[in-house]
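What follows is a short report on a single structure.
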Amino acid sequence: MSFTEFAIREILSNFDLPGTFRAFEPTGCGHINDTLCVTFDTQDGEKRYILQRINTHVFTRPDLLMENVESVTQYLSKILRETGGDPARGTLTVFRTRNGELYHRTAENDCWRVYNYIEGTCTLQSIGNPDDFRKAGAAFGEFQQMLAAYPSRTLHETIPRFHDTASRFADFRAAVQADSAGRAADAQPEIGFVLARESDTHVLVDLLRAGKLPLRVTHNDTKLNNILFDAETKESLCVVDLDTVMPGLSLYDFGDSIRFGANTAAEDEPDTGKVSLSLPLYRAFCEGYLCAAGQSLTQTEIAYLPFSAKLMTLECGMRFLTDYLQGDTYFRTAYPEHNLVRCRTQLALVADMEAKMAQMQAITAQIARAVGKDVTPCC
Ligand code: ADP
Ligand code: GN1
Ligand code: MG
């Protein structure tokens, strides 16, 4: 990502932000959007904002996406106000353009939005101690709780079938057959690993269709670095990256958090020998999440928590592999094998979770009992 100061000044001139533009710098390490921190000089001192270019290849309806984001953040603000929280730090605030739009579209068709920069916060790319991950679990559990009464039908589906793993599997199989980038020969073990697990991909969507799992408003991209922690108190403060907030399963949010945060290696660690599921981290997240959201979860949801971690990891590995096979058109990559490397870490993690499934189930049942829920493990 490289932008000229001239271009950034021009984009910012479309937003009604007090003061004079001083500087910008890239921030974050997401795979989809381009995120900049921009600084203004104002009469009251320095003021910072987040300026983000929405990836319109991935999010083809930025208008609908921004309607979701504004509506959800206003709803969260109201709840925070009513419950003694701080809306200015507990959720994002969208700054509209001078024309009253939720984002600015440039002549090149790029779409840019502005949020308040939440000062005095930090994000974690990996977990140093279980306590931080317990707080992460609480943050996503509370996020789900705060949106429990949100009218989910009014939300637009920003990416249709986003976590429909069976549909993701069909896309994957088509990518293998098409082999459009001529890379399938390099990924035979990984392709075989995913193909052997087709039946897993149907489990949650089938339960949803059968009415055995409730549709809720969920975040759907619960990576650790989508939580802002207070830099001083180290408490979790704000959930960000709201582009995929839409109706979904609680299991998607739980599972994706474990996939990213309970891995003993980075998502793109080339040495798969370093990849494993940390059971202490699994336990910590589960405690935080179930303490915050456990009361409202059904027995079936709790029973499938361990499986969801495996399924979300398999789904993500399958998505990285699909993108590799299609020539890296979706996720941002730093080198040609990047998506294959990411896929290998995910599949190594799936294998380790399969080996540890009974322990994950025992931990989950124990924590569930502590919050007053009895569950029969499954899968
Ligand atoms: P991406 O889609 O690229 O993951 P995010 O919305 O998650 O984009 O933002 C990337 C990073 O920028 C976050 O991980 C966080 O470190 C930082 N960030 C995002 N929004 C804010 C904010 N409002 N205040 C402070 N930091 C933020
Ligand atoms: C993407 O934007 P980011 O980096 O938070 C992706 C997630 C994947 C994740 C894998 C909209 O998230 O679904 O799980 O990469 N977001 C989208 O790291 O596809
Ligand atoms: Mg992010």
Side-chain angles (χ1 to χ4, degrees), residues 1 24-39 47-60 62 65 68-69 73 76 87-95 112-126 136 157-165 168 171 218-231 236-246 248 252-253 255-261 263 266-269 311-323 329-334 338-339 341-343 345-346 349:
M1 156 178 61
F24 75 96
E25 58 175 352
T27 188
C29 45
H31 301 336
I32 306 293
N33 295 318
D34 295 305
T35 308
L36 305 174
C37 174
V38 298
T39 309
K47 175 97 181 100
R48 297 199 285 177
Y49 301 90
I50 289 285
L51 174 67
Q52 250 178 351
R53 181 170 66 169
I54 303 168
N55 181 331
T56 47
H57 172 65
V58 167
F59 297 105
T60 53
L65 180 155
N68 276 2
V69 171
T73 51
L76 291 173
R89 303 193 81 216
T91 188
L92 295 171
T93 305
V94 179
F95 284 79
W112 291 86
R113 65 177 165 212
V114 172
Y115 292 131
N116 58 324
Y117 185 92
I118 304 180
E119 298 290 349
T121 58
C122 58
T123 39
L124 303 175
Q125 302 305 331
S126 64
E157 215 181 339
T158 50
I159 302 182
R161 297 181 297 283
F162 189 58
H163 281 308
D164 181 331
T165 318
R168 295 279 187 189
D171 295 345
T218 49
H219 184 282
N220 296 304
D221 186 5
T222 49
K223 274 159 76 163
L224 180 62
N225 55 20
N226 286 331
I227 301 173
L228 303 182
F229 288 85
D230 188 308
S236 54
L237 189 66
C238 179
V239 170
V240 299
D241 210 344
L242 305 176
D243 300 338
T244 50
V245 175
M246 46 185 170
Y252 300 153
D253 283 1
D256 198 49
S257 292
I258 298 296
R259 171 192 77 77
F260 188 85
N263 186 352
E267 193 181 63
D268 59 355
E269 168 59 55
L311 185 68
M312 288 296 97
T313 310
L314 177 66
E315 180 188 282
C316 193
M318 188 164 73
R319 290 176 63 198
F320 286 143
L321 185 51
T322 304
D323 199 32
T329 59
Y330 187 93
F331 295 104
R332 182 180 298 129
T333 50
H338 205 166
N339 271 320
V341 166
R342 287 169 174 153
C343 157
T345 64
Q346 301 307 293
L349 189 56

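Just follow the structure's listing: the first ligand is 1, and inside any ligand the first atom is 1.
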How would you list, by chain and number, every residue that makes a salt bridge (Lys or Arg N to Asp or Glu O under 4.0 Å) with Glu119, sequence neighbours excluded? Arg48
Out of Ile54, Val58, Asp221, which residue meets the side-chain contact (heavy atoms from CB on, under 4.5 Å) rule with Ile32? Val58
Could you work out, with ring pair (Phe, Tyr, Trp, His ring centres under 6.0 Å) as the rule, every residue matching Tyr117, not counting sequence neighbours? none
Salt bridge or not between Asp256 and Arg259? Use side-chain N to carboxylate O under 4.0 Å. yes
Near Leu92 (heavy-atom distance under 4.0 Å), the atoms of ligand 1 are 23 (N)
Quick one: look up the protein heavy atom nearest atom 14 (O) of ligand 1 and list residue, atom name and how far away it is. Asn225 O, 2.7 Å
Which residues and atoms, counting only protein N, O or S, are under 2.8 Å from the Mg ion (ligand 3)? Asn226 OD1, Asp241 OD2
Side chain, backbone, both or neither: Asn116 near ligand 1, heavy atoms under 4.0 Å: backbone
Counting heavy atoms under 4.0 Å, the part of Leu228 that contacts ligand 1 is side chain
Is there a nitrogen or oxygen of Glu267 sitting under 3.5 Å from a nitrogen or oxygen of ligand 2? yes
Side chain, backbone, both or neither: the part of Ile50 lying under 4.0 Å from ligand 1 by heavy atom: side chain
Which residues share a ring pair (Phe, Tyr, Trp, His ring centres under 6.0 Å) with His219, sequence neighbours left out: Phe140, Phe143
